[in-house]
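What follows is a set of notes on a single structure, which appears directly below.
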Number of protein chains: 2
Amino acid sequence: MKKKETVTIYDVAREASVSMATVSRAINHNHNVKPETEKKVLDVVKRLNYRPNDVARGLASKKTTTVGVIIPNVTNSYFAALARGIDDIAEMYQYNIILTNSDGDEKKELKALNTLYSKQVDGLIFMGNEISEAVRSDMSNERIPVVLAGSVDSQNQFNSVNIDYRKAVYAQTNELLKNGNDRVAFVASHLNRSINKDYRIEGYKDALRDAGIPFRKTLLFEANEATYDSGYKLRNKLVQEEVTAAIVSNDDVAAGVMNSMSDSGINVPEQFEVATSDNTKLTEMTRPMLSTITQPLYDIGAVSMRLLTKLMKNEEVSERNILLPFGLKDRNSTK
Amino acid sequence: MKKKETVTIYDVAREASVSMATVSRAINHNHNVKPETEKKVLDVVKRLNYRPNDVARGLASKKTTTVGVIIPNVTNSYFAALARGIDDIAEMYQYNIILTNSDGDEKKELKALNTLYSKQVDGLIFMGNEISEAVRSDMSNERIPVVLAGSVDSQNQFNSVNIDYRKAVYAQTNELLKNGNDRVAFVASHLNRSINKDYRIEGYKDALRDAGIPFRKTLLFEANEATYDSGYKLRNKLVQEEVTAAIVSNDDVAAGVMNSMSDSGINVPEQFEVATSDNTKLTEMTRPMLSTITQPLYDIGAVSMRLLTKLMKNEEVSERNILLPFGLKDRNSTK
DNA sequence: CTGAAAGCGCTAACAT
DNA sequence: ATGTTAGCGCTTTCAG
């Protein structure tokens, strides 16, 4: 195999007997190129096996056609679903994504932002359960567009796409209340994260109030992590508070609490009901299957990326905070 | 907020009264810089809030410190686990990853490779159940290093990290045979993919042969997709062949066949045993829990990335095809 | 230990 | 419709 020399736009220009500028125009399908010279150039491109260098292109044009994506954890099926939607639309619009796991940790988020800025990404998609002040100021100071996917901003400063968590939890809590539970728990990985504190718990309270049932702080439970195991460990606390139903903000955690109950002989849904919120595939794999809020996970990611492409092209966007429709799916973990 | 001007290395040089070259050396912690001038430079860097432009750096140095990662689907928990390992180690070595979903489709893989090459990635991690000839020649013709993570190459041409699938399935099939099943099925999403055809099915045959049981082609089942639903749909075919146990090559598919059996009144494991292969968290979430081959998923990704960093630095690597240890975890889906 | 200068490969005015 | 010419912001010889 002969030594591989990098063939540049200059080589193409020489072989095609045109200028670099013309080659550039031809490969970028610029209108101002006579069809026959375009063909001539493209033929040489093919013959020399020329492939444009995006790095040089990026330096010259100040556009990298890559966007940064900050995700808590790809391993979390909720976020993974969004990521897939993001990548598909990115590809459709010729962008690539640099994916960085943050674990929802501010330090890691800041570090990621920094390297993403260095890499000159054209835009940013941020996923996380909260925007800390440091992250906020960091993202506000750069002029590259950002959109929050499945993530809220209490200050309402960034573009975002979500569902109406407050209304969704309200509706869901109502169902559990209607089934006769007056001690329904609310469990989340982190209670003080904005998405829970400002939205979901508010919806939970709304339902309680409408039903004339007092809100009890002791019925709020924290799993610490968005994992199956951390949900599984919650059983004793739940039992201690004589809870008969639970609204859970994450499917893995919900599966954990449900299995934990079942495994200890507590019948779900007869003696204990659990409802979850993401409608990931997992909700259909457990037995009983999990009743859940339904959200268009893939679409949240897809719409976020679509929004970002508009922002990156300085197009007008009608809605700054997009709310996608949600639903309630009744399965077997509730009566 | 004042207009944001990009501050360049030149600005730093001017303010620090040194040359660009010195600034470059200082920020890259090159040894040949007097400590006090380094400090002087770094102070100015901080004061001006200078941040190096990685694109320019990439063009000048021909190193982008980003690696391309081709993954079938981030939504698949097996690959997601590898991806997390990859990203963590990448971050540790100051690399970023461009993630692209391929769905294991050759067309998409080729397209992804092409744009990744244009982006001048320093290395490539490829995940997929098979290397097609086109993909092979494409990857061979570039001089950037590639490592296959959790993916085999029948021609043994690329660096890789895996477990010994053949031995693992051999051991697993033995267990099922020992339990008295003489019609054990082998099910995979795609039977003719190299990882199945050349490794797992061979292990399955080895066990059959050692047990003196004839191999029957009719006991090989294909799910078509690596999804829960496609596994769920397999029940009738399995029942028709009077199979009493199954070795499944993917956790989601395994959950599907198991639940499908249970849902139709067939008791697992009493009347039907199922064993799976990835030990993703899902295996603990189903009821009964799934017996499985255990593989160090995160580590497969992590080790792959570590290997790649060595390759990118032209360091010697002792092993070209790394095999990580596997085990067998007996849970409740088998006797 | 530091500076000068030449690119890296391409895009984008500005001409023509 | 096409060519000329500057850079984009940095690294890297090569001198000194």
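Small disclaimer: the values here were computed from a predicted structure and weren't measured. These numbers come from the heavy atoms of this one structure, side chains and all, not from hydrogens, waters or symmetry mates. Within every chain, numbering begins at 1; the chains are lettered A, B, ... in the order of the sequence lines, protein sequences first and strands thereafter.
- Phosphate proximity of D:dC8 to A:Ser61: absent, as no side-chain N or O sits under 4.0 Å from OP1 or OP2.
- Of the options B:Lys40, B:Lys39, B:Arg47, a salt bridge (Lys or Arg N to Asp or Glu O under 4.0 Å) to B:Asp43 is made by B:Lys39 and by none of the others.
- Residue contacts shown for B:Val18 are limited to sugar-phosphate atoms, with no base heavy atom under 4.0 Å away.
- Within the 4.0 angstrom heavy-atom criterion, base atoms lie near A:Asn32.
- The pair A:Asp54-A:Arg57 meets the salt-bridge criterion, since a charged nitrogen lies less than 4.0 angstrom from a carboxylate oxygen.
- Judged purely by distance below 3.5 Å, without hydrogens or angles, the side chains of B:Arg25 and B:Asn32 never pair a donor atom with an acceptor atom.
- With distances taken from any side-chain atom of A:Lys62 to the nucleotides D:dC8, D:dG3, C:dA4, the minimum falls on D:dC8.
- Atom CZ in B:Arg14 sits roughly 18 Å away from atom C1' in C:dA4 (whole-Å rounding).
- For C:dG3, the OP1/OP2 oxygens have a side-chain nitrogen or oxygen of B:Thr22 closer than 4.0 Å.
- Backbone-only engagement by A:Asn28 is indicated by non-hydrogen atom pairs under 4.0 Å involving sugar-phosphate atoms exclusively.
- One atom, CG of A:Asp54, and another, C1' of C:dC10, lie 10 Å apart when rounded to the nearest Å.
- Between the C1' atom of D:dG7 and the CE atom of B:Met20 lies a distance of 12 Å, rounded to the nearest Å.
- Rounded to whole Å, the distance from CG on B:Leu59 to C1' on C:dT11 is 12 Å.
- Going from atom CZ of A:Arg57 over to atom P of C:dT11 covers 5 Å, rounded to whole Å.
- Per the geometry, CD1 belonging to A:Ile9 stands 6 Å off C1' belonging to C:dC10, to the nearest Å.
- B:Ser160 and B:Asn321 are linked by a side-chain donor-acceptor pair at a separation below 3.5 angstrom, with hydrogens and angles left out of the test.
- In this model, a side-chain donor or acceptor of B:Arg25 finds a partner on the base of C:dG3 within 3.5 Å.
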